[in-house]
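See below for the structure under consideration.
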Amino acid sequence: MILAAGLGTRMRPLTDHTPKPLLRAGGKTLIDYHIEKLVAAGITDLIVNCSWLAEQLEAYLGDGHRFGVNIVVSREDQPLETCGGIVQALPFLCEGNLSDEPFLLINGDIWTDFDFKNLISCKPDAGHLVMIKNPAHNPHGDFVLASDGLLAEKDGHSVAESYTFSGISVWRPSVFSHFSAGKRALKPVMLNAISKRSLSGELYEGHWWDIGTPERLAALHEFLSIKTGS
């Protein structure tokens, strides 16, 4: 599932008329990079949620045929935040999934060279987060990654022990099955899983960009242009 329903407020004026996943860097839209990497990992059944300027994203994605994938669009009248978006999409995520097989969840407003194939065999108790070293815009991090591979809250730990959530994770559908429909954040779900020692993590030290501002999008474009020699 690719999360693409945000309003893109911090990206204005770029997102006044274009949904953030369709902004371009290095000659492609942000969502193109995700789809290409998912295909390369052998993942071809995708769900994309959308809300702001949803008709543009729906028209661009279609049924996924031109990308070589199957895409189901989960449209939200108003952005439901991450957990709320997952809950609405559960019928698609659980379709034919009687054994609670995990699904990959990716923020639509990041760029990374992380290989999604590394998560194909991931079978977490509840969830598994890919963590990164703390970027300048999040210097204190989100969670502590313990030596046993489990995530813990930051309380009582130094900043040096904390890492930032990359926006890439794996979850069991059953984690969300008891929630009612509506706007709901993912952070409380993470904290609940941490309290049950069922949220694991791994550290990724490759390239990762959070495309949260026009300046970061411009920097990514420059990086990709240099990388491809274009």
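If you're wondering where the values come from, they're calculated on a predicted model, not measured in any experiment.
Under the 3.5 Å distance criterion, the side-chain polar atoms of Arg24 are matched with a main-chain donor or acceptor of Gly27. Under a 3.5 Å cut-off, the side chain of Ser225 and the backbone N or O of Gly26 do not form any donor-acceptor pair. Remark: side-chain polar atoms of Thr164 are not paired, donor with acceptor, to backbone N or O of Ile132 under 3.5 angstrom. Using modelled atom types, no side-chain atom of Lys154 and backbone atom of Ser162 make a donor-acceptor pair closer than 3.5 Å.
Expressed to the nearest 0.5 Å, how far CG of Leu93 lies from CG of Asp100 amounts to 11.0 Å. Here CH2 of Trp171 is found 9.0 Å from SG of Cys83. Values are rounded to the nearest 0.5 Å. To the nearest 0.5 Å, atom NE2 of residue His17 and atom CZ of residue Arg12 are 10.5 Å apart. Leu145 contributes atom CG, which lies 6.5 Å from atom CG of Leu203 (distance to the nearest 0.5 angstrom). To the nearest 0.5 Å, atoms CD (Glu153) and CD1 (Ile194) are separated by 5.5 Å.
Few gaps surround NZ on Lys123; more than 12 heavy atoms of other groups in view lie less than 6.0 Å from it. Heavy atoms of other residues, nucleotides or ligands lying less than 6.0 angstrom from NE2 of His137 number more than 12.
Contact of the Lys28 side chain with the Glu36 side chain is registered, since non-hydrogen atoms from C-beta on lie closer than 4.5 Å. Under the 4.5 Å side-chain criterion, counting only non-hydrogen atoms from C-beta, Thr15 is in contact with Leu23. The side-chain heavy atoms of Leu191 and Leu199, taken from C-beta on, include no pair separated by under 4.5 Å. Phe92 places none of its side-chain heavy atoms less than 4.5 Å from the side chain of Met1. Using a 4.5 Å cut-off on side-chain heavy atoms (C-beta onward), Ile110 and Asn107 make contact. Using a 4.5 Å heavy-atom cutoff, the side chains of Leu220 and Ile211 are in contact.
Residues passing the side chain to side chain contact (heavy atoms under 4.5 Å, CB included) test with Ile71 are Ile35, Leu46, Val48, Leu61, Phe67, Val69, Val73, sequence neighbours excluded.
The cationic atom of Arg66 (NZ for Lys, CZ for Arg) lies less than 6.0 Å from the six-membered ring centre of Tyr60 and within 45° of the ring axis.
Note on ring orientation: taking the six-membered ring where Trp is involved, the planes of Phe223 and Trp209 are tilted (angle from 30° to 60°). Between Tyr204 and Phe114, the two ring planes are perpendicular [angle over 60°; tilted spans 30° to 60°].
Residues Trp208 and Tyr33 fall into different hydrophobic clusters, defined by Ile, Leu, Val, Met, Phe, Trp and Tyr side chains chained together at heavy-atom separations under 4.5 Å. No single ILVMFWY cluster, assembled from side-chain heavy atoms under 4.5 Å apart, contains both Leu119 and Met131. The hydrophobic clustering, which links ILVMFWY residues whose side-chain heavy atoms are closer than 4.5 Å, places Val87 and Leu80 apart. Leu105 and Phe116 end up in different hydrophobic clusters when Ile, Leu, Val, Met, Phe, Trp and Tyr side chains are linked at under 4.5 Å. Taking hydrophobic clusters as Ile, Leu, Val, Met, Phe, Trp and Tyr residues chained together by side-chain heavy-atom distances below 4.5 Å, Leu129 does not share a cluster with Ile106.
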(request) Kindly determine whether Lys37 and Asp32 satisfy salt bridge (Lys or Arg N to Asp or Glu O under 4.0 Å), including the steps that lead there. (result) CA-CA 9 Å; Lys37 290 179 63 60; Asp32 281 344; over 6 Å; no
(request) Show your reasoning for whether side-chain contact (heavy atoms from CB on, under 4.5 Å) applies to Arg172 and Phe103. (result) CA-CA 7 Å; Arg172 298 273 184 185; Phe103 66 94; over 6 Å; no
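Sorted by first and then second residue, the side chain to side chain donor-acceptor pair (under 3.5 Å) pairs with a member in residues 74-89 read Asn49-Glu76, Glu58-Arg75, Ser74-Gln88; sequence neighbours excluded.
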